[in-house]
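Worksheet for the structure shown next.
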Amino acid sequence: MKHEINFDKDGNLILAIPWRSTLKALIVIFLAITAGQLPLEGLSHDARICLMIFVGAAGFWVTEAIPPFATGIMVIVLSVFLLGHSESLEIAAGATNYRVFLNPLSSPVLVLFFGGFIIAVAASKHGLDIRLAKAFIRPFGTHPKMVLLGIILSTAMFSMLMSNTATTAMMIAILGPLFRHFEGRDPFKKALVLAVPFAANIGGMGTIIGTPPNAVAASLLGELGHPISFVKWMLVGVPIVLVMLFFLWQMLFRIFKPREDHFEILFPETLNVTWDLVIVVITTAITVFLWLTQPLFHIPSAVVALLPIMVFTMFGILDREDLKKIEWHVLILIAGGLTMGVAMKQSGLSDFFVHHISFIPVPAMALLALMAVTGLILSNFMSHTAAANLIIPLVITMSAIDPLLGGVTVALACSLAMSLPISTPPNAIAFATEIIETKDMARYGTIISVVGIGIVLGFLYVLHAVLGWI
């Protein structure tokens, strides 16, 4: 909610109130208070308070009457003040009630995500990202179909370890000079632009740190006693990513046929090799190696993520100006969602929902599919992280659905939302090039989402029901 401050010709202060955002906020507050007064039998006092917080958070996340990260902070503060001193909460012996709602601020998954952000900023500052992009794309040659494949695979690979927003910005910048060589309105330009955000969104599904919904699911599952390692997530996510990237490649090339049979991407000049770059390369390689070999060395992923944080700050690879580039708002948003999950569990609200949902006469997989589609739809109109924060705490506590299966499925479903420019930051960045239109994103993004939901549900069903692995 922004307030514009201006002065008239006489120097008097003019305060312009954003009436639209204010009206949205008032409606959300009214709905939240009303929800707490509903005649729901069996709902405790604490659960009613939590329901008001839940409805308020959902309303603010959907309408964005206030910034999403501000809603995350609101959830933490209200949980501490309104639930933190309740004597009816089931808190472990010797613990203070309010600390339960502050524990998510130190969640290992937040540390893991922070380490990923640190690596991304260091790679961008010292030219490692451009060097890797050049190394991965150039071997694909100059044929349009192979160049498109190189762009898709490179973007997806980067988004597994970097912010998909930063990945998209980098790849669009790399492709910028290429667009000037197209004559007229070559349809293949659209294929190249659409490939970047779609591949970034898909690639993020492959690792825990690839996208915030994955981090939300991993953290909540860990709290319930169902931890999922970095490698195990990749064993589930990467096959799905590869199948979807192949579909994306074939779809875009068949729809947007190029007029030329060859062209070459002109990469921007990279920085000279320095000791800072060498340190970044070695530290990043060691970090990724330890993440991938967690089952062998038994070092938790969050502990490994501390390594680049220490090295890059201790040796001056990153300074305090660089730290400002980290997406702190995403970390705050994730923490707010984790606190929402804790509040729902401790107050009994999630048990209340589960008790009533369990009476819905549908098979478990149909119920899971419904929750996944709900997450997909919500994520098209609100933050992926916010949607995951709302749905994952519910689905992992449903007795009819295996927690691990439910959490991973919904997290992946939330990352599939890419039908609108506002659906994800990568979509917005690509749309800003003015090469694609909203209808392009809506048409082809929706196709990918629908196909993706089918692939996710089918693959995870085989892993769970047939192989018994997840």
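Just so you know, these numbers use all the heavy atoms, side chains as well, and skip hydrogens, waters and symmetry mates. Here the structure is a predicted model, which is why all the values come from computation and not from measurement.
Considering Thr155, Thr167, Val196 as possible partners of Ile172, the one that fulfils the side-chain contact (heavy atoms from CB on, under 4.5 Å) test is Val196. No option in Ile453, Val456, Leu457 other than Val456 meets the side-chain contact (heavy atoms from CB on, under 4.5 Å) test with Leu412.
With contacts defined as side-chain heavy-atom distances shorter than 4.5 Å, the pair Asn214/Ile209 does not qualify. Using a 4.5 Å cut-off on side-chain heavy atoms (C-beta onward), Phe352 and Leu40 make contact. Contact annotation: the side chain of Ile202 approaches that of Ile448 to within less than 4.5 Å [non-hydrogen atoms, C-beta and beyond]. At least one side-chain heavy atom of Ser449 sits under 4.5 Å from a side-chain heavy atom of Ser419. Between His45 and Ile49, the closest side-chain pair of non-hydrogen atoms falls below 4.5 Å. Between Lys325 and Lys125 the shortest side-chain heavy-atom distance does not fall below 4.5 Å. Contact of the Val243 side chain with the Phe247 side chain is not registered, since no non-hydrogen atoms from C-beta on lie closer than 4.5 Å. Side-chain contact between Val342 and Glu223: present, with at least one pair of heavy atoms (C-beta onward) separated by less than 4.5 Å.
Atom-to-atom distance recorded for Ile240:CD1 and Leu235:CG is 11.5 Å, nearest 0.5 angstrom. We find the CE-OG1 distance between Met340 and Thr71 to be 12.0 Å, quoted to the nearest 0.5 Å. To the nearest 0.5 angstrom, Thr283 atom OG1 is 12.0 Å from Ile118 atom CD1.
No side-chain N or O of Ser79 forms a donor-acceptor pair with one of Thr339 less than 3.5 Å apart.
Scanning all heavy atoms of the two residues, the minimum distance from Leu221 to Pro403 falls at CD2-O, 3.3 Å. Nearest heavy-atom pair, Ile392 versus Ala217, reported as atom, atom and distance to 0.1 Å: CD1-CB, 3.8 Å. Residues Phe459 and Val236 come closest through the heavy atom pair CE2-O, 3.4 Å.
Judged by distance alone, with hydrogens and angles left aside, the side-chain atoms of Thr397 form a donor-acceptor pair with the main-chain N or O of Pro393 at under 3.5 Å.
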| said: Walk me through whether Phe297 and Trp291 qualify under ring-ring contact (aromatic ring centres under 6.0 Å, His included). | reply: CA-CA 10 Å; Phe297 295 105; Trp291 276 339; over 10 Å; no

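Taking the six-membered ring wherever Trp is involved, the centroid distance between the rings of Trp61 and Phe69 does not fall below 6.0 Å.
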